[in-house]
Amino acid sequence: MTSVKMAIDLLAQSKMRVSIWPGADHEITWAEQLVMSTEPFQRLRRLRQIGLAYHGLPMAEHTRFSHSIGTVYWSVLLLEMSTSLNRPSPSEVGRTDLEASLGADFSLELLVRLFALLHDVALLPLGHTLRFQFKRVHGPDTFRVSMRQCLAAVLSGCEQQLEHDGSTESTVLYNVLRRHIAVVECIAHVPRILGGSVPTDLLADVGSEVLQLLPVLTFVYDLVHGVYAADIIDVCYRDLWAIGRDWKFPLTLAKAGAALPVSFGAEAWPLGPARDNPNNIPLIYRYGLKASNEGAFDASILTDLYRVHESRYDVAEKGFYHPRKCAADAMLDKCLRTITERRAEGWEKLLDANALLELGDDEYLDRILNHCGKIGDFEFVSGLKTGVLFEPACRIDLVLRADLESTADELFESPSRRTGFEEELARAVPSLSPTDIIVNVLPKNMQAKSVDTLVALPGKLPTRLETLSARLGLPAGASTLAEQYSRLRRITILVAHTHRHLSDQLAKAVEDLLEVRSSD
């Protein structure tokens, strides 16, 4: 009879090798292979990593599918290359300590691999555009419900594959895989659980163990999906490549990785709702770095870490904020606004998270274009597929016009206000209709990342990198990097390419209307 230990060993067996990057091969385990064959994971092939950025960055065709596999690769590398995890001193927390805390029913590496593989499985079409830029299809429970739906479908697909395999071990293998994926759901919600919200997971018999496992689950979350983590490393490789930059991860950081014990009340305890610790967790393990070499302080580790954070900022500046991506996003926003305002038949499905979890990017765009076609006089929307985009008539950088921040907030928060402003502009420039104009307002700190990776200096408790920078000036810039995201914010007024000759008139009308608003 197959034991849990034997089932874990079988699921951890390598089944095939794939290349995730030049010079980087990943061994895919049986557990990963089972998950990758399911429909929710295969859908990631149809989700581009940077949404509509390919309109301005033709190489940005890479997908969430390849990114997810790449995240597994980097997660395993961080786990295996850490000196303190694999060769700990008596005072350090090693992998064996973390495994012991999990107990015999769970494998640390299997949890790391599965969470890395599934961390993006519940994303909707077009990446984070609907959530961060439009504030649509995302309520307090959207991620929880979507993750539950996707993981349930993943488990169903895995069960069918194991049943089809017909081996005598299939039942035990499925139960072990099911319990690991149930814990993966808990890992995805670690910030919430630390804040006191313990979701009912896929398996009732795992729920009672969540708080007991939480110290190690926090470490897995940080390693895979933290601010400096496997997820970000893979993002830097792929997204910067699409932007036109070659990037290399400094392996010295992987060697410096560590499981840092953090007691409740310590400076390194997570911020936000977790700060109050309603579940009374006395100690957690967090993934961070030891800035030392043979016991002495090593400033180069801080410098290399800061450069990773800086590279993530470059992805935002040159990718998320690329003018043509923003123009395409604005056209999409106008389509959705028009469809919802006119209550076109079936419009609810375009903003239904459950329905969107079955679609890829292009399928979603096709449905939007189809709805716009039913409305009429929106021929321009085909440019979302063909690349014939609206063009900027004027851009207002809010770092230079702080007096317009409240106006930008109003326009961003209210789709109807954007529509109303477009109508005002059309009245000011009679040769234009509201369908020829688009108001695009980017949110504050769009996908901003705080520089809060934990760093332990020799003989000191772990501290956030931005705090070290503010105190010591090492590395310079880390304490203010998060603020730089807000400096990318702007208001852009776009005009249909067929009316680009009216850009100057439109820009003047914008200036006049905003002057009135700022003086009110």
Are [X] and [Y] close enough that their ring centers fall under 6.0 Å?
X      : Y      : answer
His180 : Phe106 : yes
His128 : Phe320 : no
Tyr73  : Trp21  : no
Tyr485 : Tyr313 : yes

## Note on the structure
Rounded to the nearest 0.5 angstrom, the NZ-NZ distance for Lys325 and Lys318 is 16.0 Å
If I compare all heavy atoms of [X] with all of [Y], which pair ends up nearest, and what's the gap?
X      : Y      : result
Leu217 : Val190 : O-CG2, 3.8 Å
Val176 : Ala7   : CG2-CB, 3.7 Å
Leu57  : Gly319 : CD1-CA, 4.1 Å
Phe143 : Ala188 : CE2-O, 4.0 Å
Pro125 : Leu47  : CA-CD2, 3.7 Å
Ala408 : Leu398 : CB-CD1, 3.5 Å

Side chain of [X], backbone of [Y]: donor and acceptor closer than 3.5 Å?
X      : Y      : result
Ser156 : Ala152 : no
Gln505 : Leu502 : no
Gln42  : Met36  : yes
Asp361 : Leu126 : yes
Ser414 : Glu410 : no
Tyr221 : His189 : no
Asp397 : Val399 : no
His371 : Arg367 : yes
Arg343 : Thr340 : yes
Arg43  : Leu359 : yes

Looking at [Y] and [X], is any side-chain nitrogen of the basic one under 4.0 Å from a carboxylate oxygen of the acidic one?
X      : Y      : result
Arg418 : Glu422 : no
Glu185 : Arg144 : no
Arg500 : Asp436 : no
Arg489 : Asp409 : yes
Asp239 : Arg312 : no
Arg245 : Glu317 : no

#### Entry: Criterion salt bridge (Lys or Arg N to Asp or Glu O under 4.0 Å) on Arg337 and Asp333, from CA distance to verdict
CA-CA 6 Å; Arg337 279 191 277 130; Asp333 171 50; 3.1 Å; yes
#### Entry: Contacts of Arg324 that satisfy side-chain hydrogen bond (donor to acceptor under 3.5 Å, both in side chains) - sequence neighbours left out
none
### Task
Classify the ring geometry between Phe115 and His119 as parallel (under 30°), tilted (30 to 60°) or perpendicular (over 60°).
perpendicular
### Task
For the pair Tyr228 and Tyr287, name the ring-plane relationship: parallel under 30°, tilted 30 to 60°, perpendicular over 60°.
parallel
### Task
Taking salt bridge (charged side-chain N to carboxylate O under 4.0 Å, His left out) as the test, write out the residues that go with Asp120, two or more places apart.
Arg64
### Task
Evaluate side chain to side chain contact (heavy atoms under 4.5 Å, CB included) for Cys372 paired with Ile339, printing each intermediate quantity in order.
CA-CA 7 Å; Cys372 286; Ile339 291 167; 3.9 Å; yes
### Message
Set out, in order, the CA-CA distance, both residues' side-chain angles and the distance that settles side-chain hydrogen bond (donor to acceptor under 3.5 Å, both in side chains) for Thr29 and Glu32, then state yes or no.
### Response
CA-CA 5 Å; Thr29 63; Glu32 292 165 71; 2.8 Å; yes
### Task
Among residues two or more places apart or on two chains, list those pairs meeting ring pair (Phe, Tyr, Trp, His ring centres under 6.0 Å) that have a residue in residues 31-63.
Phe41-Phe65
### Task
Evaluate the criterion side-chain hydrogen bond (donor to acceptor under 3.5 Å, both in side chains) for residue pair Ser416 and Glu341; output intermediate values, then yes/no.
CA-CA 8 Å; Ser416 62; Glu341 288 164 4; over 6 Å; no
### Task
Go through Ile69 and Asp234 one step at a time and tell me if the side chain to side chain contact (heavy atoms under 4.5 Å, CB included) criterion holds.
CA-CA 9 Å; Ile69 298 172; Asp234 195 76; over 6 Å; no
### Query
Is the closest side-chain donor-acceptor distance between Thr63 and Gln49 under 3.5 Å?
no
### Message
Is a donor from one side chain sitting under 3.5 angstrom from an acceptor on the other, for Arg487 and Gln484?
### Response
no
### Task
Start with the C-alpha gap between Leu488 and Leu442, add the side-chain angles, then the distance that decides, and say whether side chain to side chain contact (heavy atoms under 4.5 Å, CB included) holds.
CA-CA 9 Å; Leu488 296 173; Leu442 297 174; over 6 Å; no
